[in-house]
Q: 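My structure is below; once you've seen it, I'll send some questions.
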Amino acid sequence: MENTPSFFDRIKHLDFTFLKKIDFRKEGKSKLSSHLLLKYIAKELLLYFFISFLFFFVVFFVNQILLLAETILKQRVPVPQVIRLIVYCLPAIVAQSAPFATLLGFLMCLGRMVTDNEIMVLRASGQRYSLILIPVIVMGLVISVFSFIMNDYFLPLGTLHYNRLRTEIIHSNPAVEIESNSIKRMNNTAFVIGNAEGTKIDDLLLFDRSENGQERIIISGKSSLEKTETPGVLMELHMENATVILFDPRSRGDFDMVQCDTMKLNIFESLFFSSSSVTAPREMTSYDLFNLIKKLRKENTLTKNQLNVYDLEFHKKFSIPFGSIFFAMLAFPLALVFGRKDGLTLGLIFGIIISVLYWAATILGQLFGLRGGYNGFWMMWTPNILIGITGFVLYLRLRRK
């Protein structure tokens, strides 16, 4: 029967280099200070969070901002205005990046500590898992609060300024919104654009639907976009040889058709933007949105699905920012359970996979809430609840060991 190596034989091969970073304040004793350990763990978590935050920030920045800037620059929009548009979008990018950076950064940090046997050394010195869990939870909570502030105050502020500046740009240069051989969808309206050069359009097809369900199709051979000073109107669409077909919502087989040599169509700001004033849920703080929902419930003027849009946005203002603390609860046991071999790499892989799944779940939740009318609370909070339950179960499994 082979001899099982003793604890002292195994501990010879452990990596104690991280202990050099910790000062020992006890005179003549080698007892670890809980305060210094907490400081050390928090410092490592912050470092990996910052690196992960930069990664997700660049990903979202390139995906959402640079593509937008490129499209606008093609239409010769002044560079200072493009830079201002980018600045107004930054709060949304920061709010989105923070929760995912928490998961990825914490997984990589704790996974590295497991691989380097730092967690084992702490456990061998008599420290409990709770000592490591405390900085993880505190850091997750701090990041959640920071993300919530960005999402609840700076994001609505940035959205307001963004929409106002975008309106000014389109007013001064309507060609910004035109792209040859493309389809542009806005609310209940869709434009099918043929060849376009500047503000001139060949072969334009327009589909739209009114609030009472009436559908309309407009066909035009030659069209042009013109500036306008009419309040609330973004631009005017001048069409030649236009044909208008109006369908009866009560009978799909009945329709009216009108033909005209010239036709002028006003394109309102509300078609491009949710509203020109502070009434869109995305443009409001959680406090203002909560009061608006109470007012709408009392007035009872909206349908259940329409009201659910406001509920969904209200819960989204909390669920995504505070996803950081749920990610922290998951990262701690997940890294300790699966990080024994190359925890840094596994943390990176697990972090990216879970981030993609979480992002997909939030998008599906919004789709089900907006189109299916499902409860906004459950659609937005279900991913966080599942992550929290998984983290709690893994932590119990860890403690039993």
Side-chain angles (χ1 to χ4, degrees), residues 4-22 24 30-53 55-56 99-143 324-355 357-358 387-401:
T4 303
S6 66
F7 170 78
F8 295 101
D9 293 331
R10 286 181 291 175
I11 207 170
K12 291 178 182 178
H13 304 287
L14 299 182
D15 184 4
F16 292 93
T17 55
F18 85 102
L19 293 178
K20 297 179 182 179
K21 304 177 184 179
I22 304 175
F24 298 99
S30 58
K31 184 177 180 181
L32 294 176
S33 169
S34 298
H35 172 73
L36 294 171
L37 286 173
L38 291 173
K39 184 178 179 181
Y40 168 75
I41 297 171
K43 183 179 178 181
E44 292 292 304
L45 291 172
L46 183 62
L47 173 63
Y48 280 87
F49 166 79
F50 181 73
I51 295 172
S52 302
F53 179 82
F55 168 75
F56 282 107
F100 300 116
T102 303
L103 174 66
L104 184 62
F106 284 20
L107 278 174
M108 292 174 63
C109 175
L110 296 170
R112 181 203 63 77
M113 294 179 69
V114 172
T115 304
D116 292 346
N117 296 314
E118 295 182 7
I119 301 297
M120 184 178 291
V121 171
L122 293 177
R123 293 287 292 158
S125 66
Q127 303 295 343
R128 297 182 178 181
Y129 283 126
S130 58
L131 179 73
I132 310 168
L133 182 62
I134 289 173
V136 171
I137 296 299
V138 171
M139 289 286 293
L141 181 60
V142 171
I143 296 170
S324 294
I325 193 166
F326 288 92
F327 280 142
M329 293 170 60
L330 174 66
F332 173 71
L334 190 64
L336 269 62
V337 171
F338 298 102
R340 297 178 184 275
K341 294 183 179 180
D342 201 1
L344 191 64
T345 304
L346 286 177
L348 177 63
I349 295 173
F350 277 125
I352 293 177
I353 292 175
I354 296 173
S355 296
L357 293 176
Y358 181 86
I387 287 173
I389 292 174
T390 304
F392 182 72
V393 171
L394 288 176
Y395 180 71
L396 291 180
R397 174 185 171 187
L398 193 66
R399 296 223 21 197
R400 286 175 188 149
K401 289 184 177 182

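This is a predicted model, so every value here is computed, not measured.
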Q: Return the CD1 to CD distance between Ile41 and Glu118, rounded to the nearest 0.5 Å.
A: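 The CD atom of Glu118 is 9.0 Å from CD1 of Ile41, to the nearest 0.5 Å.
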Q: Can you name the closest pair of heavy atoms from Ala335 and Leu110 and give their distance?
A: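 Looking at all heavy atoms of both residues, the shortest contact is CB-CB, 3.5 Å.
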Q: Applying side-chain hydrogen bond (donor to acceptor under 3.5 Å, both in side chains), name anything that partners Tyr395, two or more places apart in sequence or on another chain.
A: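 For Tyr395 there are no side-chain hydrogen bond (donor to acceptor under 3.5 Å, both in side chains) partners, ignoring immediate neighbours.
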Q: Shortest non-hydrogen contact from Ser355 to Leu103?
A: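 Answer, listing the atom of Ser355 first, then Leu103: OG-CD2, 3.7 Å.
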Q: With sequence neighbours excluded, tell me which residues meet ring pair (Phe, Tyr, Trp, His ring centres under 6.0 Å) with Phe338.
A: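 Counting only residues at least two positions away or on another chain, Phe338 forms a ring pair (Phe, Tyr, Trp, His ring centres under 6.0 Å) with Phe350.
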Q: Should the heavy atoms of other residues, nucleotides or ligands under 6.0 Å from CZ of Arg123 be counted, would the total exceed 12?
A: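 Yes, because the 6.0 Å sphere around CZ of Arg123 holds more than 12 heavy atoms from other groups.
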Q: Show the nearest heavy-atom pair for residues Tyr48 and Met108, with the distance to one decimal.
A: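 Closest approach of Tyr48 to Met108: CD2-CB, 3.9 Å.
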Q: So, using side-chain contact (heavy atoms from CB on, under 4.5 Å) as the criterion, who are the partners of Thr115 when residues are at least two apart?
A: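 Residues passing side-chain contact (heavy atoms from CB on, under 4.5 Å) with Thr115: none at all.
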Q: Evaluate Leu104 against Leu348 for side chain to side chain contact (heavy atoms under 4.5 Å, CB included), listing each step before the verdict.
A: CA-CA 6 Å; Leu104 184 62; Leu348 177 63; 3.8 Å; yes
Q: Show the atom names and distances, to 0.1 Å, of all donor-acceptor pairs under 3.5 Å that link a side chain in residues 131-143 to residues at least two apart or in another chain.
A:
none

Q: Strictly distance-based, threshold 3.5 Å: is any side-chain N or O of Ser52 a donor or acceptor partner for the main-chain N or O of Gly105?
A: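 Present.
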Q: Measuring from Leu45:CG to Phe332:CZ, what's the distance to the nearest 0.5 Å?
A: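 Result: 10.5 Å between the selected atoms.
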Q: Distance from Ile354 atom CD1 to Leu330 atom CG, nearest 0.5 Å?
A: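 These two atoms lie 5.0 Å from each other.
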Q: Only counting residues at least two apart or in another chain, list the ones meeting side-chain contact (heavy atoms from CB on, under 4.5 Å) with Ile349.
A: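 With sequence neighbours excluded, Ile349 shows a side-chain contact (heavy atoms from CB on, under 4.5 Å) to Thr345, Ile353, given in chain and number order.
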Q: Sequence neighbours excluded, which residues qualify as ring pair (Phe, Tyr, Trp, His ring centres under 6.0 Å) partners of Phe106?
A: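 Once residues adjacent in sequence are excluded, Phe106 has no partner under the ring pair (Phe, Tyr, Trp, His ring centres under 6.0 Å) criterion.
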Q: Report the residues that fulfil side-chain contact (heavy atoms from CB on, under 4.5 Å) with Leu47, sequence neighbours left out, ordered by chain and then residue number.
A: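 Once residues adjacent in sequence are excluded, the partners of Leu47 under the side-chain contact (heavy atoms from CB on, under 4.5 Å) criterion are Ile51.
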Q: Apply side-chain contact (heavy atoms from CB on, under 4.5 Å) to Tyr358 and list each qualifying residue two or more places apart in sequence or on a separate chain.
A: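 Tyr358: side-chain contact (heavy atoms from CB on, under 4.5 Å) contacts with Phe100, Phe327, Thr362, Pro383, Asn384, Ile387.
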Q: Measure the CE-OG1 distance between Met329 and Thr102 for me, rounded to the nearest 0.5 Å.
A: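 Between Met329 CE and Thr102 OG1, I get 13.5 Å after rounding to 0.5 Å.
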